[in-house]
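See below for the structure under consideration.
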Amino acid sequence: MRGLLPISFDRLAHRDFLRHLDAFIRDSEEILDAWDAYSEEHTGLDGWPFDDDAYGLRQRQRDADTAAAFETVRAGARHLLATADVQLPHLPSASVQAHWAYRLGVLHDALDRLDALHEQWLGTRDNLPATAGSGTAVFGDALAEHHAECWSYLDDWATHGHVIGDINTAARYAPSPLAPPPVDKPVLPAPGRTITVRR
């Protein structure tokens, strides 16, 4: 749910959140590349897998790996979005890409869905039978279903997340709105010369 969030001015924390986001984007690209290579090798020309069970297990692994990679981002995701939301309107128009606001919107919506799905998963997990602990087939199937529901929203973060870094970079190099305007220096005459000032 969107709202005004307090923004920390702890530069080290912000840099840390950005670093986690960059690592997630890199990791998710590797995960997706590996999945695409597997899928191409294990499906026919019609796109259907040669072995449904093996293909499904490999897809579950892709979903789980992507979810695990995002866990390092989750704690700072709202901070990153709130900071970008504040930075973007203060950037000079010449340094803003037209798609940045759209991409931020996609990230907001995806994070809202991920938060809702996380709450739903906690409820599902708590309602599993006492015998269905971590490591059991019942638990594994429920968690795999949760990861599958999350995957497209995690992919949104992998696809559009770089916009947060782009906005942050533009903000770092943009002139501060608090800086005084530049003052023209008076032209001084060369030594030995005089100038006439009209009144």
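- One hydrophobic cluster, built from ILVMFWY side chains closer than 4.5 Å, cannot hold both L21 and I31; they sit in different ones.
- When side chains are defined from C-beta on, L81 counts as touching L107, because their heavy atoms get closer than 4.5 Å.
- Distance CG/N168 to OH/Y173: 10.0 Å, rounded to 0.5 Å.
- Going from atom CD of E119 over to atom OG1 of T124 covers 11.0 Å, rounded to the nearest 0.5 Å.
- Within the structure, ring-ring contact (aromatic ring centres under 6.0 Å, His included) pairs that include any residue of residues 151-170 comprise F70-W157 (at least two apart or interchain).
- Using a 4.5 Å cut-off on side-chain heavy atoms (C-beta onward), D115 and R74 make contact.
- Taking a 6.0 Å sphere around CD of E71, one finds it holds more than 12 heavy atoms contributed by other residues, nucleotides or ligands.
- D36 has its side chain out of reach of R62: every pair of non-hydrogen atoms, C-beta onward, lies at least 4.5 Å apart.
- A single hydrophobic cluster is not seen to contain both L143 and L154; linkage of ILVMFWY side chains at heavy-atom distances under 4.5 Å, directly or through other members, places them apart.
- Using a 4.0 Å cut-off between charged nitrogen and carboxylate oxygen, R15 and D22 do not count as a salt-bridge pair.
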Problem - Verdict with supporting geometry, R103 and D166, side chain to side chain contact (heavy atoms under 4.5 Å, CB included) - result: CA-CA 11 Å; R103 290 180 185 270; D166 293 342; over 6 Å; no
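- Looking at L117 and H146, their side chains come closer than 4.5 Å, going by heavy atoms from C-beta outward.
- Nearest heavy-atom pair across H147 and A67 is CD2-CB, 3.6 Å.
- L91 has its side chain within reach of I167: a pair of non-hydrogen atoms, C-beta onward, lies under 4.5 Å apart.
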Exercise for the section: Go through T131 and T136 one step at a time and tell me if the side chain to side chain contact (heavy atoms under 4.5 Å, CB included) criterion holds. Expected result: CA-CA 8 Å; T131 55; T136 64; over 6 Å; no
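- Between L32 and D155 the shortest side-chain heavy-atom distance falls below 4.5 Å.
- Atom CD1 of residue I164 and atom CG of residue L104 lie 6.5 Å apart, to the nearest 0.5 angstrom.
- Salt bridge status for R19 with D16: present, with a side-chain N to carboxylate O gap under 4.0 Å.
- Of all heavy-atom pairs spanning D52 and P49, the tightest one is OD1-CG, 3.1 Å.
- Grouping the Ile, Leu, Val, Met, Phe, Trp and Tyr side chains by contacts below 4.5 angstrom, directly or via other members, places W121 apart from L111.
- A heavy-atom distance below 4.5 Å is found between the side chains of E149 and Q120.
- Applying the side chain to side chain contact (heavy atoms under 4.5 Å, CB included) rule to S28 yields the partners F24, A158; only residues at least two apart in sequence or on another chain are considered.
- Residues F50 and Y55 fail the side-chain proximity criterion, which asks for heavy atoms closer than 4.5 Å.
- Atom CD of Q87 sits about 9.0 Å away from atom OG1 of T169, to the nearest 0.5 Å.
- Nearest heavy-atom pair across R60 and A144 is NE-CB, 3.3 Å.
- Distance check, rounded to the nearest 0.5 Å: CG of D63 to CZ of R58 gives 10.0 Å.
- Side chain of S39 to backbone of W35: no donor-acceptor contact under 3.5 angstrom is found.
- Here the straight-line distance linking atom CG of D109 with atom CG of D156 works out to 9.0 Å at 0.5 Å rounding.
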